[in-house]
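To start, the structure itself, in structure tokens.
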Amino acid sequence: MKTREIVRVADTGLFVACGSTENEKFRALRRDANREGGFVIPERVHEELVGTPEEYDPAQGITASVDQSMEEGWVEMYGGIDYTNPKVSGAMDVTRRYIADVTDRSEHDIEKADAALSAVAVQILKEGEDVGLVELYTTDKPAGEGCVKAAEAVGYEAKVEFVYAFDYVD
């Protein structure tokens, strides 16, 4: 991953909200990403977007938009999360608990990609000396809020910011 002061991490909802490569929202996302340094997506988010055609109709062009974004270089997949790191695993636990509490669901029903957002954010902060802020772009408010709480809980106060992707896309 390229080193930069602000790292933008995108969730599935950002790409779903932008639609296919022919959509003006997608083209605007591309322009902004190229101007602002692109996006990182957790491997779990990539799996949600390209690995589950029963959830995301390929006719929507979401799979193609993510693949094209990666080929163009403004989206980078972040793999290799260190689940053995206590800060990373702790952030994931806090995220799951927060989402479960605010949505009145069992922690076991929380999507793995939601917890992966906080894991990636914390790991990026842990590894990146020059990273001052991680912005999380998601359409899932409990997940975004949970990731911020999780980062704070493991020692990264004011280092993770939730950006509501629907507002950003509009």
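- Two residues are said to be in side-chain contact when any heavy atoms from C-beta on lie closer than 4.5 Å; D130 and E5 fail this criterion.
- Annotation: the span from R30 atom CZ to N34 atom CG amounts to 8.0 Å, rounded to 0.5 Å.
- Side-chain atoms of K159 do not come within 3.5 Å of backbone N or O of L133 as any donor-acceptor pair.
- Counting only distance, with no hydrogens or angles, the side chain of E145 and the backbone of I99 share no donor-acceptor pair below 3.5 Å.
- Connection of I110 to Y83 is not established within any shared hydrophobic cluster, with ILVMFWY side chains joined at heavy-atom distances below 4.5 Å, either directly or through further cluster members.
- Listed here is the closest heavy atom pair of G146 and T95: O-OG1, 3.7 Å.
- Atom CD1 of I81 and atom CE of M92 lie 6.0 Å apart (nearest 0.5 Å).
- Contact of the R8 side chain with the D32 side chain is registered, since non-hydrogen atoms from C-beta on lie closer than 4.5 Å.
- V40 and V88 fall within a single hydrophobic cluster, where Ile, Leu, Val, Met, Phe, Trp and Tyr side chains are chained together by heavy-atom contacts under 4.5 Å.
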- Begin with the C-alpha distance, continue with both residues' side-chain angles, and end with the deciding distance and a verdict on side-chain contact (heavy atoms from CB on, under 4.5 Å) for D67 and H46. CA-CA 9 Å; D67 289 343; H46 184 263; 4.1 Å; yes

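- The two residues A151 and V160 come nearest to each other via the heavy atoms CB-CG2, 3.4 Å.
- Rounded to the nearest 0.5 angstrom, E76 CD and S69 OG are separated by 13.0 Å.
- Ring pair F39/Y168 is perpendicular by interplanar angle, where above 60° counts as perpendicular and below 30° as parallel.
- Taking both residues in full, the closest heavy atoms of D170 and K25 are given as OD1-NZ, 3.5 Å, listed atom of the first, atom of the second, then distance.
- In this structure, S118 and A150 approach most closely via the heavy-atom pair CB-CB, 4.2 Å.
- Considering all non-hydrogen atoms of both residues, T139 and G13 come closest at OG1-CA, 3.4 Å.
- For the pair K149 and F162, the cation does not sit on the ring face, since its NZ or CZ is not both under 6.0 Å from the ring centre and inside 45° of the axis.
- Here the OG1 atom belonging to T138 is positioned 9.0 Å from the OH atom belonging to Y164, to the nearest 0.5 angstrom.
- Evaluated for a side-chain contact (heavy atoms from CB on, under 4.5 Å) with C147, the options L117, V9, V94 yield exactly one hit, L117.
- Listed here is the closest heavy atom pair of T21 and R27: O-CG, 3.9 Å.
- Residues K141 and V102 form no side-chain contact, since every pair of their non-hydrogen atoms from C-beta on lies 4.5 Å or further apart.
- Residues Y78 and E43 have side chains that never bring a donor and an acceptor to within less than 3.5 angstrom of each other.
- Atom-to-atom distance recorded for L136:CG and D11:CG is 8.5 Å, nearest 0.5 angstrom.
- In this structure, E48 and K112 have side chains that are not in contact, with every pair of non-hydrogen atoms separated by 4.5 Å or more.
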- Task: For the pair V131 and I6, evaluate side-chain contact (heavy atoms from CB on, under 4.5 Å) and give the outcome as yes or no after the intermediate values.
- Result: CA-CA 6 Å; V131 177; I6 297 175; over 6 Å; no

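- Taking CZ of R31 as the reference point, atom CZ of F26 lies at 11.0 Å (rounded to 0.5 Å).
- Note on D114 versus R44: no salt bridge recorded, every NZ/NE/NH1/NH2 to OD/OE distance being 4.0 Å or above.
- Counting only heavy atoms from C-beta outward, the side chains of L29 and L14 approach each other to under 4.5 Å.
- A salt bridge between D109 and R96 is absent, with no side-chain N of the basic residue lying under 4.0 Å from a carboxylate O of the acidic one.
- In this structure the side chain of V75 reaches within 4.5 angstrom of the side chain of I41, judged on heavy atoms.
- Side-chain contact between D82 and Q123 is present, with heavy atoms from C-beta onward closer than 4.5 Å.
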